[in-house]
2 protein chains.
Amino acid sequence: MLRYHRRMATKPYHHGDLRAALLTAAEAELADHGIESFSLRQVAKRAGVSHAAPAHHFGDANGLLTALAAEGFQRFLGAMLAREASAAGARDRAVAAGLGYLDFALSRPTLFRLIFSSRKPDFNKPALFEAGDAAYAHLVALIEDLGGGPPDILALWAMAHGIADLAAGQRLRMMVDMSDAERIEVIRRLLLRVLPG
Amino acid sequence: MLRYHRRMATKPYHHGDLRAALLTAAEAELADHGIESFSLRQVAKRAGVSHAAPAHHFGDANGLLTALAAEGFQRFLGAMLAREASAAGARDRAVAAGLGYLDFALSRPTLFRLIFSSRKPDFNKPALFEAGDAAYAHLVALIEDLGGGPPDILALWAMAHGIADLAAGQRLRMMVDMSDAERIEVIRRLLLRVLPG
DNA sequence: CTCCTATCTTGTCAGTGTCAGGATAGGGTG
DNA sequence: CACCCTATCCTGACACTGACAAGATAGGAG
């Protein structure tokens, strides 16, 4: 009884929404230390919970990263859709998607790496597979609206991904010196090079 | 004396060329388990040496990966040059470089990831910085031979890198079904889209 | 032959992921 | 209301990891 009241005064035994809290903590840890130094215990500590608490919600560390990757793919698609909202016509929409692709890579580089360059997430897990598939399906739809085929899909995807991945890795020194408007204009022209028609 | 002879019968105390042996062992470990599960002790075990032996040659784990990345960049440049050897003209040479870019990513995906998508290597270290710079300088030279400028450099680099990174991550299902000749022809056309002129 | 330095080993420490077993909360059943 | 049942969370333990300190060994310089 006494222990009960002392606990209630400080912190409840049951978190309430630990799963979501762990996901946000994991993303923060990922952004701070990178995927390669990712620590499950640090995530638990950041969420204010014991080191074994995540196991019940995600199984193991890869399970957490798999769930985070699935959520990341949704936000990745959201970043593209956000840019497309202010686009007129199929051609402009495809370009906007490419800009959204880059937006995501720049604003959340480690999440971008988790999604595209990590072996940790399990892509056989339905939640992640479907999230990734939805993003790809959207890309396909964009090209089909332009009357393009498989080679055009690959062209747009590779160009957008190449720019995004190099930018996420800070390999494009030439771009940090440019203003937002300049950068957008350069990327726009690059994407227009590879679009069909 | 007795211990001495027993040692010589099995394994010498001094390795002879441990530094090189550790680099090859590290690359093998990297290919087997990926960067994110890379273990310095496993590398030492594979090289048949104690777990603290690498420290003397590379300082810490990141030091080993930095040295490996520098060597990787040289082989990366070598892969491009190998393709360019059988090319006629500046235009064909730029396309060949892109094919070599992909060759490297497909034959050594984890080394490719170490070079372009990892935080572990220290790019301030001269050996690595210069190796990476040499590869970039070669790319610049290829475009300048074509009379292109900075946007054209970015265009070729982003397209080649996008294809290579997606392929290294096994994201291009459409390409595994194709023959080598088909794949080369598709990539060639993609690269020609972004070259100037 | 002696010493000196580079090289490699052994031993130890804190930190990590995962598993087993125990504690707690809250809801459903009698 | 009393009971228990399940999901949730914690504590403790184990093997593994990277890093450091101190000792052992080899081979060359003097």
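The sequence lines fix the lettering, A, B, ..., with proteins before strands; numbering per chain opens at 1.
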Does the pair A:Asp103/A:Arg108 count as a salt bridge with the N-to-O cut at 4.0 Å?
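No, A:Asp103 and A:Arg108 are not salt-bridged.
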
Are A:Asp60 and A:Lys120 within salt-bridge range, i.e. N to O under 4.0 Å?
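Judged by the 4.0 Å cut-off on N to carboxylate O distance, A:Asp60 and A:Lys120 do not form a salt bridge.
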
Report yes if at least one side-chain N or O of B:His51 is closer than 4.0 Å to OP1 or OP2 of D:dA19; otherwise report no.
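No, outside the criterion.
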
Closer than 4.0 Å, any side-chain N/O of A:Ser39 to the OP1 or OP2 of C:dG17?
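Yes, because at least one side-chain N or O of A:Ser39 sits under 4.0 Å from OP1 or OP2 of C:dG17.
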
To the nearest Å, how far apart are [X] [atom1] and [N] [atom2]?
X       : N      : atom1 : atom2 : result
A:Leu22 : C:dG17 : CG    : P     : 13 Å
B:Glu29 : D:dG18 : CD    : C1'   : 15 Å
B:Leu40 : C:dC8  : CG    : P     : 14 Å
B:Asp60 : D:dA21 : CG    : C1'   : 16 Å
A:Asp17 : C:dA25 : CG    : P     : 19 Å
A:Asn62 : C:dG17 : CG    : P     : 10 Å
B:Glu36 : D:dG18 : CD    : C1'   : 18 Å
B:Lys45 : C:dT9  : NZ    : C1'   : 15 Å

Establish whether the base of C:dG15 is bridged to the side chain of A:Arg41 by a donor-acceptor pair shorter than 3.5 Å.
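No, the side chain and the base share no sub-3.5 Å donor-acceptor pair.
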
Using heavy-atom distances to pick each residue's nearest nucleotide on DNA chain D, tell me which of A:His56 and A:Ala52 is more 5'.
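Comparing both residues, the 5'-ward one is A:His56.
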
Face-on cation placement of B:Arg83 at B:Phe104 ring, 6.0 Å and 45° thresholds:
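Because its charged atom misses either the 6.0 Å distance or the 45° angle limit, B:Arg83 does not stack over B:Phe104.
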
DNA chain C: A:Phe38 or B:Leu18, which has the more 5' nearest nucleotide?
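The residue mapped nearer the 5' terminus is B:Leu18.
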
Identify whether any heavy atom of B:Ala61 sits under 4.0 Å from a base atom; if not, whether one sits that close to sugar-phosphate; answer base, sugar-phosphate or nothing.
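Touches sugar-phosphate only.
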
For a quick test of reading the model, state the closest non-hydrogen atom pair linking A:Ile163 to A:Leu172 and the distance between them.
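Smallest heavy-atom distance, with atoms named: O-CD1, 3.9 Å.
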
Look at the rings of A:Phe116 and A:Phe112 and say which category their plane angle falls in: under 30° parallel, 30 to 60° tilted, over 60° perpendicular.
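The arrangement is tilted - the two ring planes meet at 30° to 60°.
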
